[in-house]
Amino acid sequence: MRLRLEQREKSSPWLNLTLPLIAIAATLVLCGGLIALAGANVIEAYTVLFASTLDSKFNIVETIVKATPLVLTGLAVAVAFRAKFWNIGAEGQFLLGAMAAVFVGTQEGLPTWSLVPLMILCGILAGGLWAVLPAILKTRFKVDDVVTTLLLNFIVFYAMMALLDGPWKDPLSGYPDSPDILMDAEFPILLRATRLHLGALLAAVAAVFVWWLMRFTTLGFAIRAVGESPRAANYAGHNITKVIILTALISGGLAGLAGVGEAAGLHFQVMAGISTGYGYTGIVIAMLARLNPLGVVPSAIFFAIILTGAEAMSRSTGVPVFLADVIQGTALMTMLIALLFTSYRLRVSLTRHG
Amino acid sequence: MNETTPILALRGICKSFGAVHANRDVDLTLHKGDILGLLGENGAGKTTLMNILFGTYAADAGRIEVDGTPVTIDDSAAAIDCGIGMVHQHFHLVPSHNVIENLMVGQKGKYGLLDRAGAEARLAKIAEEYDLKLAPNALVGGLTVGEQQRLEIIKALFRGARILILDEPTAVLTPQETEGLFKAMRALTERGLGVIFISHKLFEVREITNRMMIMRQGAVTATLDNTPELTDRQLGELMCGHELTPPEKPAVEVGRVLLRLSNITAGGTPERPVLKDVSLEVRAGEILGLAGVSGNGQSQLAEVISGVLPPHGGQIEIDGEVLDRPSVKAVKARGIGRVPEDRMGTGLVTTLPLSDSMVLPRIDQPPFSRYGLVNRAAIRDFVKEQVERFQIKTAGVDVRTGTLSGGNLQKVLLARELAWDPLVLLVAQPTRGIDVGAGEFVHRQFLDLRARGRGLLVISEDLEELFTLSDRIAVIFEGRIMGIVPAAEATAQNVGLLMAGFQEDAA
Ligand SMILES: Nc1ncnc2c1ncn2[C@@H]1O[C@H](COP(=O)(O)OP(=O)(O)OP(=O)(O)O)[C@@H](O)[C@H]1O
Ligand SMILES: [Mg+2]
């Protein structure tokens, strides 16, 4: 028996839907092996993992709260990857967005009504402009964007730590926590007695916006064309530098907005652990969603379940929480393999040679 | 095996892609010493059939016999094992490696070591036997297209091919290079190889083959022996199934200058430019042909006119207006249409849907978009209309562009520009890879533009095409315009001399 890949004339919509599900199933099976190795009952562990996040209204809302930044970083990556601008820097853009929000949100003397919109605006700009930097390096000087976007994350992170250890250090407790934002700067709560904040709404709007942008605007068209063939796009009159820089601005802006949401809706300050790798998880989320902006939403919710559920699972079955990271990594790999089948079909021939 | 057993036989090959039947019940036989010409309209299924033979695609039905024994060809390695070699239209070489290294790619040596000396010896033997010469240490990136093709043929022979498939090998060759290729093909068949030769140039097929097979819509419509009585006309009609009428070229009054290049230097470095002091004029109602051996600055000239390559010096004037800062946008806005030579690289995006490729240069203008918002319905209608008008064979408007056949891709590029009724149309190799019927259609479109007072600049290596189309022929050599000859006075002789770099008065 021999297997071969053959190119499809067009990718089928049915596959676009089922492949991520198959990838998830494969991931859970593979990671089930690890759970068993850790000495726990696989079924029980997975039951706890999913049930703990979905079994009550409170837990469901908490899962959505967790998914909020993930939707935005997932979108950030999805937009950038469409243009083949390899933005691995959503993490840093997220942190800058959060810092910008806190900077604005702690300013006394601004009209109270202007605080929230200003925080959103500044957060988006901070993240967006930070992403433009590697975009310029890429288009002007052909510097590899994977490397620059990744390294810029560390610059932001350590700059933030310096800030938290210096000017923003809490004078009383001495903890590396920034001062709290003003009450008026806090994101409104959407559902009484929960932590569901304005950020969730912004994330949903952003998903629809990015979908619309990619599908119905000439910029979206140009992003796709530049991503697929920069040479042909250039010859057809599309300005590659402009398209990549706009893409970076949008991508970084989305990641920055994620940071604003976390700072203004959840923690009301920045601290060292404000991001638990949301920018990196965004990459997995975007890939699982096949870079489809609407697909990012369920994909982010799935990872929110994994991330929060893993803690409950760990508590009740003793499997280390790190399993959440393993699941993320495995999902990325299975999805990358599955992606092959959206453009190729597998042909099996049963006959042998001559 | 007796003398009459064909070295290759295909029986009842069928292959569909979705709703498209690319091959229907195809039979083919090839004997030792045969050169079989494979003819057919664009999208007739020639490349698909060869890809099945070479193991790129799996047939839905049918079988393959080599030397009378049924074989299964699952991939190219299996095809090579069976003694089948293929030279694709797009070469599969490693440009940063030299000739000998390219030959050794995929070869397994003893203990994983590369046997360089052995490879060089075999290369020398092949060069000797078939008159296919290449320097073993030449870097492939620096070879001409003709030399790269020679390397592809050597590679096939190196791997022991006895059956050689050449898919439109002459499309990218100069007439001299084609002669060289034919000499090698004859040497191959004298030594008992069988060759399958695909071409849309009928005179070539008549010159080199001994048998021909004609395909239409995936099926074989005729198999015939090559006889001296056969004419291009007859063959062409067999191929398209209807009569061919070469377009008339009426006299047209020549009007104002639409495109003027004055003293353009461009490409390379400002000190050593590729284009040196080029001046040209294209007037309304005129087709200016640009003749020259490829690589003498034609592509740079096209890039300058289309705004991709900013010149070091000189000026571009479109319809009386001097361009201060030429750019693709500025040039396009003033009505210059452009059909690039390199379909896959600079023309189309093979991975995007056909409809996207078709509006790629015009997406930012109505009716395709307004205020930055695209109108998908308008795009669909436009693409459907063009597919209809140019008879582009495709399974739909949203299939991946890359699945179209070579000639159909060329039609997409032409349709995309002609739809805009350009003021000046810049086309490079307009009929490369397209079938005779479609070629006539394209020529008619060009003459129609000319009759309506538009200007055309046609860059072609095909002198015959230039002679029939052009009003004047400019000849480029090493980045200079050697001379401009009115079509009435142009002969293969005087244009040929200019192409080789001899100025008329000097000669
Ligand atoms: N991978 C594919 N997916 C879908 N359709 C395909 C694919 N490959 C080829 N086709 C279709 O099959 C038909 C035959 O294509 P093929 O490339 O064999 O034509 P051809 O005879 O070589 O034409 P040309 O002279 O233009 O090169 C075309 O209609 C083409 O669109
Ligand atoms: Mg073909």
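Convention: sequence-line order gives letters A, B, ...; per-chain numbering from 1.
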**OP:** Pick one of side chain, backbone, both or neither for Arg362(B), based on which atoms fall under 4.5 Å of a heavy atom in chain A.
**Re:** neither
Subject >> Region of Thr346(B) that comes under 4.5 Å of a non-hydrogen atom in chain A >> reply: both
Original post:
What option among Asn375(B), Ile363(B), Leu373(B) has the most heavy-atom pairs under 4.5 Å with chain A?
Top reply: Ile363(B)
Original post:
With only heavy atoms counted, which part of Leu348(B) is less than 4.5 Å from chain A, the side chain, the backbone, both or neither?
Top reply: backbone
**OP:** Measure distances from Glu65(B) to the heavy atoms of chain A and classify the residue's part below 4.5 Å as side chain, backbone, both or neither.
**Re:** neither
Subject >> Straight-line distance of Met358(B) CE to Leu352(B) CG, nearest 0.5 Å >> reply: 14.5 Å
Subject >> Rounded distance (nearest 0.5 Å) linking atom OG1 of Thr72(B) with atom CZ of Arg63(B) >> reply: 11.5 Å
**OP:** Please round to the nearest 0.5 Å and tell me the distance separating atom CZ of Arg82(A) and atom CG of Leu291(A).
**Re:** 5.0 Å
Original post:
Is there a donor-acceptor pair under 3.5 Å between the side chain of His238(A) and the backbone N or O of Ile223(A)?
Top reply: no
**OP:** Determine yes or no for a side-chain-to-main-chain donor-acceptor pair under 3.5 angstrom, with Lys393(B) supplying the side chain and Asn42(B) the backbone.
**Re:** yes
